[in-house]
Amino acid sequence: MIEHFNVTESGYQELDLKPKELQRSKCVLGFIPVIYYSIVLCVGVPVNILTAVALSRLASRTKRSMYYYLLAVTASDILSQLFIIFVGFLLETAVFHRDVPELLLHTVSAAEFAANHASIWSTVPLTVDRYVALCHPLLHRQISYPARARRIIGAVLALSLASGVPFFWWSDMWRDSHPPTVLDSVLIWSHVTIIYFLPCSIFLVLNSLIIHTLRARQQRPSCQEEHSPKLAPPQRLGKSTAMLLAITSVFSILWAPRTVVVIYHLYVSSVHQDWRVHLAYDLSNMLAMLNTAVNFFLYCFVSKPFRGAVRDVVMLRGGPLYLCHNMAQQLAPANVSSSSLYSGSNKRSQRDLTAMTP
């Protein structure tokens with residue numbers, strides 16, 4: 001990302017560099033990635049914390065599984081920003097220039113991949129939940145509840161942590177001069193499969209089924225309009241479904257360049273030797289990390305309840321008293337209805353008694 005060995009041709013002999021170091025690609029961007037990642041970190045972490053608080057309030061109020069999955073995505077994005085951007089890019093690369101113990105480098109690398117896998121794979125249960133809710137609503141009422149959602153999230157996080165362990169041996173593409181080995185090939189293909197190809201395939205299939213189902217429901221009333229003009233209006237794209245489509249589409253777009261560059265590095269030209277591949281790798285990493293900071297703006301654009309929850313958090317409204325007030329308002333109609341039934345039964349019994357008396 002940041003290269004500190006870019007010197008003039010006349011200075012190579014003075015520095016007594018080895019031939020492998022002479023072939024090392026230059027960093028064209030200079031300090032632009034440091035500024036960019038600092039902005040993403042300073043904006044993304046507070047925004048994601050605000051998102052987590054707002055989603056936790058919505059989850060506690062509505063008890064919908066969707067908000068628990070979105071909360072897991074947000075928490076994973078915060079971990080990705082801390083491990084990848086703050087520790088990996090800013091501290092290890094920009095501050096210490098990778099001059100840290102190898103064990104620490106590899107440990108942080110495994111943590112980065114684990115957080116990244118959790119951030120992406122937390123969206124998969126959300127997609128499955130939206131598919132079942134729209135295509136199989138009766139089944140969704142039986143299997144979708146907060147306790148099950150929390151168990152699924154725990155399983156996803158555990159599997160993500162386990163999947164990050166093999167990437168302890170991930171090679172440093174910026175500095176390793178040797179060609180990719182068999183282990184590098186296995187890790188790169190495992191990485192692009194876990195991080196992009198497999199989740200994007202799931203998103204594509206389920207989102208296509210969701211859109212097909214919604215279109216079929218919109219066309220069905222129009223075909224039967226002449227026979228029954230008082231049918232319910234056709235079902236439109238809901239806010240939760242629009243939010244899901246926005247999240248998965250943005251992820252697919254922002255992570256596609258990095259996937260292509262990593263495969264190109266494996267088979268065509270190395271990041272270490274070609275400055276153009278080096279530049280493409282830096283830019284693709286910057287785009288991929290932008291995905292950890294844009295979900296807040298997508299939620300605000302799509303969801304009115306989320307905007308209301310964010311407004312309550314910013315204005316310091318809500319909290320336990322607000323929740324108790326809402327519960328009291330929800331219980332009040334039930335009490336009124338039960339009291340009215342009780343009074344109605346009393347009046348009915350009194351009328352029966354008066355009718356039975358001579």
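Basis for what follows: all heavy atoms, side chains included, without hydrogens, waters or symmetry-related copies. What you see is a predicted model, and the numbers here were worked out from it, not measured in a lab.
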Test side-chain contact (heavy atoms from CB on, under 4.5 Å) on Thr123 and Phe251; report intermediate values, then the result. CA-CA 10 Å; Thr123 314; Phe251 162 75; over 6 Å; no
Does [X] reach the side chain of [Y], with side-chain heavy atoms less than 4.5 Å apart?
{"X": "Asp184", "Y": "Thr181", "answer": "yes"}
{"X": "Ile152", "Y": "Arg148", "answer": "yes"}
{"X": "Ile188", "Y": "His265", "answer": "yes"}

Does the [X] side chain pair with the main chain of [Y], one donor and one acceptor, at a distance under 3.5 Å?
{"X": "Asn207", "Y": "Phe203", "answer": "yes"}
{"X": "Ser163", "Y": "Ser160", "answer": "yes"}
{"X": "Ser109", "Y": "Leu105", "answer": "no"}
{"X": "Ser60", "Y": "Arg57", "answer": "yes"}
{"X": "Ser119", "Y": "Ala115", "answer": "no"}
{"X": "Arg307", "Y": "Cys300", "answer": "yes"}
{"X": "Thr193", "Y": "Ser190", "answer": "no"}
{"X": "Gln81", "Y": "Phe86", "answer": "no"}
{"X": "Ser252", "Y": "Thr248", "answer": "yes"}
{"X": "Thr292", "Y": "Met289", "answer": "yes"}

Could you identify which residues cluster with Leu79, counting Ile, Leu, Val, Met, Phe, Trp and Tyr as linked when any side-chain heavy atoms lie under 4.5 Å apart, either directly or through a chain of such contacts?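 Under the 4.5 Å side-chain rule, Leu79 groups with Phe83.
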According to the interplanar angle, ranging from 0 to 90°, do the rings of Phe113 and Phe167 count as parallel (below 30°), tilted (30 to 60°) or perpendicular (above 60°)?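 Parallel: the ring planes of Phe113 and Phe167 meet at under 30°.
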Decide side-chain contact (heavy atoms from CB on, under 4.5 Å) for Trp121 and Leu198; before the verdict, give the C-alpha distance in whole Å, the side-chain angles of both, and the deciding distance to 0.1 Å. CA-CA 10 Å; Trp121 278 92; Leu198 188 56; 3.6 Å; yes
From NE2 (His191) to CG (Leu266), nearest 0.5 Å: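 These two atoms lie 12.0 Å from each other.
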For Glu92, give me all partners under salt bridge (charged side-chain N to carboxylate O under 4.0 Å, His left out), at least two apart in sequence or on another chain.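 Glu92 satisfies salt bridge (charged side-chain N to carboxylate O under 4.0 Å, His left out) with Arg98 once adjacent residues are dropped.
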Applying side-chain contact (heavy atoms from CB on, under 4.5 Å) to Val34 and Phe89, what does each step give before you reach the verdict? CA-CA 8 Å; Val34 178; Phe89 285 110; over 6 Å; no
Taking all atoms of both residues into account, what is the closest heavy-atom pair of [X] and [Y], and its distance?
{"X": "Leu58", "Y": "Phe306", "result": "CD1-CA, 3.9 Å"}
{"X": "Cys135", "Y": "Arg217", "result": "CA-NH2, 4.1 Å"}
{"X": "Ser122", "Y": "Ser76", "result": "OG-OG, 3.8 Å"}
{"X": "Leu254", "Y": "Leu287", "result": "CB-O, 3.6 Å"}

If the threshold is 4.0 Å, N to carboxylate O, is there a salt bridge linking Arg61 and Asp312?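 Counted as a salt bridge, because a side-chain N and a carboxylate O are separated by less than 4.0 Å.
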Measure from the ring center of Trp170 to the ring center of His106 and say whether it is less than 6.0 Å.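 No, the ring of Trp170 stays outside the 6.0 Å limit from the ring of His106, centre to centre.
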Hey, is CZ on Phe301 packed in by over 12 heavy atoms from elsewhere, all under 6.0 Å?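 Atom CZ in Phe301 is not packed in, count stays at 12 or less.
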Just do the side-chain contact (heavy atoms from CB on, under 4.5 Å) check on Val87 and Glu112 with the steps written out, would you? CA-CA 9 Å; Val87 178; Glu112 291 173 357; 5.5 Å; no
Does the ring of Tyr281 carry Arg258 above it, NZ/CZ under 6.0 angstrom from centre and within 45° of its axis?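 No, cation not above the ring by the 6.0 Å, 45° rule.
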